[in-house]
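Quick notes on the structure that follows.
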Amino acid sequence: MAGLKVLIVDDARFIRDLVKKIVSTGFPQSEVQAAEDGEAGRKLMLQNKFDIILCDWEMPGMSGLELLQWARKEPNYQTVPFLMVTSRGERDYVLKAVQSGVNDYIGKPFEPAHLIEKIKTWLAKGGETNAVARRRAAQLLAAEQGATKKPAQKKPKGLAQLRFGGAMHRCAVKDLTLQQVKVAVKREDGIPSMLEPTVVDIEQVSGQDTIQLNGFVRAIEAHEPKVDTTFLNVDVLFVDNDPEKMELLSRYIDQMRKNAG
């Protein structure tokens, strides 16, 4: 599609590079630019007229939602397709984004073909958002805000095994999304290296099966603010694109949250 101008906004460099490669392959004659956060994206949007925006939600500074809200007030971007490429798919997030004028969601991780199809679909439709859906979302949000708020649920917890360096290490799941997992491992069991490939075996609630996910170490920190801390917190970013695994993981996360509540 000659002349197509695409903007990618994501604070993770490898995601920006990945999406840029996918779009450039799917649309060889397109012009693709990338921004590392919402404010950088806003500046590029002021300097250029993009045909479609692919934006993450959670970023430092200006978030994806804030960039979306700004865009819908700008004459040049009121009807430009704006797609959220994010791991946040909870009902409240969807409602807020719909209310603000988002066109579609693409969950992380995603298949390249799925991303290209989404782009083609919205370029064909144009960016006119569904006003009825926005009004319905606004009404639902208003009703929820007026109701008594429930206490915040604890983060989902569970058990897993972390495999790195040819060994298997028992660990506790502190937080889990479709994009990454934070686990606590005993320091005496060994310390993985930054960016080291790992496999995370997440146990099902039933205890009968596990979900095996490939990833790499994104961050390591002391569990306690002292040099002799017993546990380490390890963040593992998933690299699996297997739809079946993601479906199982999504169901597992829902079940963990129900149990935590």
Side-chain angles (χ1 to χ4, degrees), residues 9-19 34-40 55-66 85-90 93 107-109 151-205 210-241 245-246 249-250 252-257 259-261:
V9 186
D10 199 299
D11 61 326
R13 181 176 179 178
F14 80 97
I15 292 292
R16 295 197 303 271
D17 292 344
L18 173 63
V19 176
E36 62 185 8
D37 55 43
E39 181 57 31
C55 185
D56 187 21
W57 184 299
E58 294 181 314
M59 296 178 289
M62 177 182 278
S63 69
L65 180 65
E66 291 170 332
V85 185
T86 177
S87 59
R88 301 310 301 254
E90 293 92 335
Y93 282 82
K108 294 179 182 177
Q153 292 187 353
K154 296 180 179 179
K155 290 183 177 180
K157 295 181 180 179
L159 296 175
Q161 295 181 124
L162 190 64
R163 288 187 270 159
F164 62 88
M168 184 178 294
H169 309 275
R170 193 73 168 166
C171 55
V173 176
K174 297 189 64 180
D175 196 13
L176 178 64
T177 70
L178 292 175
Q179 187 178 12
Q180 66 181 15
V181 64
K182 180 188 286 291
V183 298
V185 296
K186 281 189 176 181
R187 184 179 180 183
E188 63 188 36
D189 290 340
I191 302 175
S193 303
M194 286 292 295
L195 304 181
E196 181 174 356
T198 64
V199 177
V200 184
D201 302 320
I202 300 177
E203 295 185 2
Q204 298 277 13
V205 175
T210 60
I211 307 172
Q212 296 183 347
L213 295 159
N214 297 296
F216 65 88
V217 177
R218 183 179 187 180
I220 305 172
E221 65 177 3
H223 182 69
E224 301 168 290
K226 56 183 183 179
V227 71
D228 59 345
T229 180
T230 303
F231 291 92
L232 296 172
N233 295 331
V234 180
D235 289 357
V236 176
L237 195 65
F238 300 137
V239 296
D240 268 311
N241 286 321
K245 286 186 180 181
M246 291 302 104
L249 183 58
S250 179
Y252 180 55
I253 292 172
D254 288 341
Q255 188 60 49
M256 289 177 75
R257 285 178 175 150
N259 292 346

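One is the number of the first residue; the rest follow in order along the sequence. Just so we're clear, the structure is a prediction, and the values are computed from it rather than from any experiment.
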What are the two closest heavy atoms between [X] and [Y], and how far apart are they?
X      : Y      : result
Arg218 : Leu237 : NH1-CD1, 3.7 Å
Leu232 : Ala222 : CD2-CA, 4.1 Å
Leu213 : Met246 : CD2-CE, 3.6 Å
Pro192 : Ile220 : O-CD1, 3.0 Å
Cys55  : Gly64  : SG-CA, 3.6 Å
Ile202 : Ala160 : CA-CB, 4.1 Å

If you round to the nearest 0.5 Å, how far is [atom2] of [Y] from [atom1] of [X]?
X      : Y      : atom1 : atom2 : result
His223 : Thr230 : NE2   : OG1   : 9.0 Å
Asp11  : Ser63  : CG    : OG    : 11.0 Å
Leu176 : Ile211 : CG    : CD1   : 8.0 Å
Leu18  : Arg13  : CG    : CZ    : 13.5 Å
Gln212 : Arg163 : CD    : CZ    : 5.0 Å
Lys174 : Asp235 : NZ    : CG    : 9.0 Å

Checklist entry - Using 4.0 Å as the upper bound for N to carboxylate O, is an ion pair formed by Glu221 and Lys182? => result yes
Just wondering, do [Y] and [X] contact through their side chains at under 4.5 Å, heavy atoms?
X      : Y      : result
Leu159 : Arg170 : yes
Glu196 : Phe216 : no
Asp56  : Ile15  : no
Val85  : Asp10  : no
Val200 : Val173 : no

Checklist entry - Should the pair Phe164 and His169 be assigned to parallel (<30°), tilted (30 to 60°) or perpendicular (>60°) ring geometry? => result parallel
Item to check | Sole residue of Asn214, Thr177, Thr198, Val181 in side chain to side chain contact (heavy atoms under 4.5 Å, CB included) with Phe238 | outcome: Val181
Checklist entry - With sequence neighbours left out, what residues match Arg16 under side chain to side chain donor-acceptor pair (under 3.5 Å)? => result none
Next on the checklist: Assess the residue pair Val217 and Ser193 against the criterion (side-chain contact (heavy atoms from CB on, under 4.5 Å)); give the C-alpha distance rounded to whole Å, side-chain angles, the decisive distance to 0.1 Å, and a yes or no.
Outcome noted: CA-CA 7 Å; Val217 177; Ser193 303; over 6 Å; no
